[in-house]
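Read the numbers this way: they start at 1 and go in the same order the structure lists the ligands and their atoms.
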Amino acid sequence: MLEADFVIIGAGSAGSAMAYRLSEDGKYSVIVIEFGGSDVGPLIQMPSALSIPLNMSLYDWGFASEPEPHLGGRVLATPRGKVIGGSSSINGMVYVRGHARDFDHWAEQGAASWGFADVLPYFKRMEDANGGENGWRGHGGPLTVQRGSRTNPLYGAFVEAGRQAGFELTDDYNGAKQEGFGPMEQTIRGGRRWSAASAYLRPALRRKNVSVVKGFARRVIIENQRATGVEIEVRRRIQVIKARREVIVAASSINSPKILMLSGIGPAEHLREYGIPVIADRPGVGRNLQDHMELYIQQESTQPITLNSVLNPFSKALIGAQWLFFKSGLGATNHFEAAAFVRSRAGVDYPDIQYHFIPAAVRYDGKAAAKAHGFQAHVGPMRSKSRGSVMLRSPDPRSKPVIRFNYMSHPEDWIEFRHCIRLTREIFGQSAFDPYRGKEISPGSHVQSDDDLDAFIRDHAESAYHPCGTCKMGRKDDPMSVVDPECRVIGVDGLRIADSSIFPRVTNGNLNAPSIMTGEKAADHVLGRTPLAPSNQEPWINPRWQVSDR
Ligand SMILES: Cc1cc2nc3c(=O)[nH]c(=O)nc-3n(C[C@H](O)[C@H](O)[C@H](O)COP(=O)(O)OP(=O)(O)OC[C@H]3O[C@@H](n4cnc5c(N)ncnc54)[C@H](O)[C@@H]3O)c2cc1C
């Protein structure tokens, strides 16, 4: 029987960071259970291929939402990485810590010791930042972060247009000042995707006390309210991996609540419905599902300088060859090289809208590229009040869970999204874009009234692939909390969760960085270490926030 001190389910963003830290001093053995396979090969390693693996059953769990009632019954893809490195191996490689106030809000909601002052030292510990604000960034950590070369003039036009519209500029949204227009950061190193597998798991596997077992985790084994191991399926055979100290679930916001419910931890009624013996009645398991949605606002370019000219097979082959031999050129970037974080209105104290800008008119999934030259902004509100759930479809561990996001179910979602579209038009309308601006491709200049904008949003809003919150961290006496602030599952000993499922609320940006930070910090809790000393650095808050949106 396989056995280790710590058994981690999932070699994703958080699980890989945990494996690295828990094994660091050589005292404890660690087994990581991972269902996905190798991340070797250009489809994952070449940054510009980012739209390919997320569509492949080899690398993606293939989840989808139920028909979404507020989006005309559309079913939205919910990709989650099924590969070494988890979602960090199929993601867009954008690097955003989140806003300081996000973490302060976590602490206010009951995640004591997860305020910005507490988490900033962990962000620094994990980083090896190239560029960024002095004193705010980490250097020498496992996770390399870089900025793109921004050689295409459209990146500069986007940032300048933000300035012309009266918004702030920021040279480092991961430093003191998130608010503003500026360069975007990427988890890319030496021209390759720098996933959690590259940064953490592979270095950890060089140690004798860490191993990965390829298998499908079915449930956590719990005896006398204590987790003692994990039941896995390997080539149709059921096996048990024993945990001498603890089991840590790091299987993502979709799979972690599912595994918990299959193990008898969740809403009692729901478990009984499927004949699962109830070990801990935790109604919060699977609830509090949140995500970011975004729209692509596309504009034709009058100059033939966009990436649309290299979307043909011949150019792609050349780009691929240059990347294969030299790890350079257009293959070595994710093309997200300019960004903005802005506030939607006066009275909002920190940004609640995020922009990604790319010098191409193309869908995220690589499909349906516009025929003309174009550029586009991905824009969406960051703090939707809509909430959904992840529930069991059947007691069979192999069946996919029932995912209901309830996207756009809060009336404010519509107001916020309409504002996002109008604001993007204002930015693209600035003189910085005069040399490039052609006609609006999408939504199209005929889409102006609230009703027309709503119809466009209903048909075209997409997930930004940031589901989280389904095993919320909070106070022990909050019935909706699933884990306490040390990531311990409430009501069961020897069991923790550490991944994006424990976020009390979605952060202001993409979720790889906070997921890795969660793994880093949780590891210190598991080891009983004194947490890193809190920081006294204060974030920049716009002095005009009460009277202006800019
Ligand atoms: C297409 C896409 C694009 C994204 N773009 C960005 C971006 O540009 N920047 C950014 O910051 N974030 C991005 N994200 C989000 C970010 O990558 C994730 O939020 C983050 O990686 C989640 O980390 P996690 O540790 O919670 O889970 P994951 O990284 O998903 O790890 C979970 C792991 O557990 C394994 N697992 C699950 N169930 C089982 C089981 N039963 N048995 C064995 N193994 C199991 C999975 O295979 C996986 O390896 C993107 C996500 C996607 C899907």
Can a side-chain donor-acceptor contact be found between Glu133 and Asn174 if the only test is distance below 3.5 angstrom? no

For ligand 1, which atoms sit closer than 4.0 Å to a heavy atom of Asn512? 10 (C), 11 (O), 12 (N), 16 (C), 21 (O)

Salt bridge check: are Arg219 and Glu231 linked by an N-O gap of less than 4.0 Å? yes

Does atom CZ (Arg235) have a neighbourhood of more than 12 heavy atoms from anything else shown, all under 6.0 Å? no

Pull out every atom of ligand 1 sitting under 4.0 Å from any heavy atom of Ile90, numbered as shown with elements. 1 (C), 2 (C), 53 (C)

Any ion pair linking Lys177 and Glu179 (charged N to carboxylate O, less than 4.0 Å)? no

If you take the nearest heavy atom of each of Ala250, Gly86, Gly10, which one is closest to atom 32 (C) of ligand 1? Ala250

I'd like to check whether Val94 has a polar contact with ligand 1, where a contact means an N/O of the residue lying under 3.5 Å from an N/O of the ligand. yes

Residue pair Asp291 / Tyr407, side-chain donor-acceptor N/O under 3.5 Å: yes

Checking the side chain of Ser23 only, and the main-chain atoms of Tyr20 only, is there a donor and an acceptor separated by less than 3.5 Å? yes

Whether Ile254 lies under 4.0 Å from ligand 1, heavy atom: no

Heavy-atom gap Gly215 to ligand 1 smaller than 4.0 Å: yes

Side chains of Arg282 and Ser481: any donor to acceptor distance under 3.5 Å? no

Can you confirm whether the side chains of Asn334 and Arg193 place a donor and an acceptor under 3.5 Å from each other? no

Is Ser87 touching ligand 1 with its side chain, its backbone, both, or neither, if touching means heavy atoms under 4.0 Å apart? both

Please work out, at 4.0 Å between heavy atoms, whether the side chain, the backbone, both, or neither of Ile259 comes within that distance of ligand 1. side chain

Distance only, no hydrogens: is a donor on one side chain within 3.5 Å (strictly under) of an acceptor on the other, for Ser501 and Asp499? yes

Heavy-atom pairs closer than 4.0 Å: do any link ligand 1 to the side chain of Met93, the backbone, both, or neither? backbone

Heavy-atom proximity to atom 18 (C) of ligand 1, picking from Arg218, Glu185, Met18, Arg80, points to Arg80

Cationic N near anionic O, under 4.0 Å, Asp524 to Arg125: yes

Does an N or O anywhere in Ala14 fall below 3.5 Å from an N or O of ligand 1? yes

I'd like to check which ligand 1 atoms, numbered from 1 as shown, lie under 4.0 Å from a non-hydrogen atom of Ser88. 21 (O)

Which is it for Phe336 and ligand 1 at heavy atoms under 4.0 Å: side chain, backbone, both or neither? neither

If we count only N and O atoms by modelled type, under 3.5 Å, do the side chains of His460 and Glu462 hold a donor and an acceptor together? no

Any side-chain donor paired with an acceptor under 3.5 Å for Asn406 and Glu68? no

Contact check: Ala217 vs ligand 1, nitrogen or oxygen atoms, below 3.5 angstrom: yes

Looking only at distance, does Glu34 have an N or O less than 3.5 Å from an N or O of ligand 1? yes

Between Asp396 and Arg218, does at least one N-O distance fall below 4.0 Å, as a salt bridge requires? no

In plain terms, say whether Arg398 and Glu233 are close enough for a salt bridge, that is, a side-chain N and a carboxylate O under 4.0 Å apart. yes

Out of Gly81, Ala464, Gly12, whose heavy atom is nearest to atom 46 (C) of ligand 1? Gly81

N/O separation below 3.5 Å, Lys82 to ligand 1: no

For ligand 1, find out whether one of its N or O atoms is nearer than 3.5 Å to an N or O atom of Gly15. no

Under 3.5 Å between any N/O of Ile9 and any N/O of ligand 1: does that happen in this structure? no

Does only the side chain of Asn255 get under 4.0 Å from ligand 1, or the backbone, or both, or neither? Count heavy atoms. side chain

Under a 3.5 Å cutoff, is there a donor and acceptor pairing between the side chains of Thr333 and Gln186? yes

For ligand 1, which atoms have a heavy atom of Phe216 less than 4.0 angstrom away? 41 (N), 42 (N)

For atom 27 (O) of ligand 1, which of the options Ser252, Gly519, Ala498 provides the nearest non-hydrogen atom? Ser252

Determine whether the side chain, the backbone, both or neither of Pro467 has a heavy atom under 4.0 Å from any heavy atom of ligand 1. neither

Just distances here: any N/O of Ser501 and N/O of ligand 1 closer than 3.5 Å? no

Counting only nitrogen or oxygen atoms and a 3.5 angstrom limit, does Asn91 reach ligand 1? yes

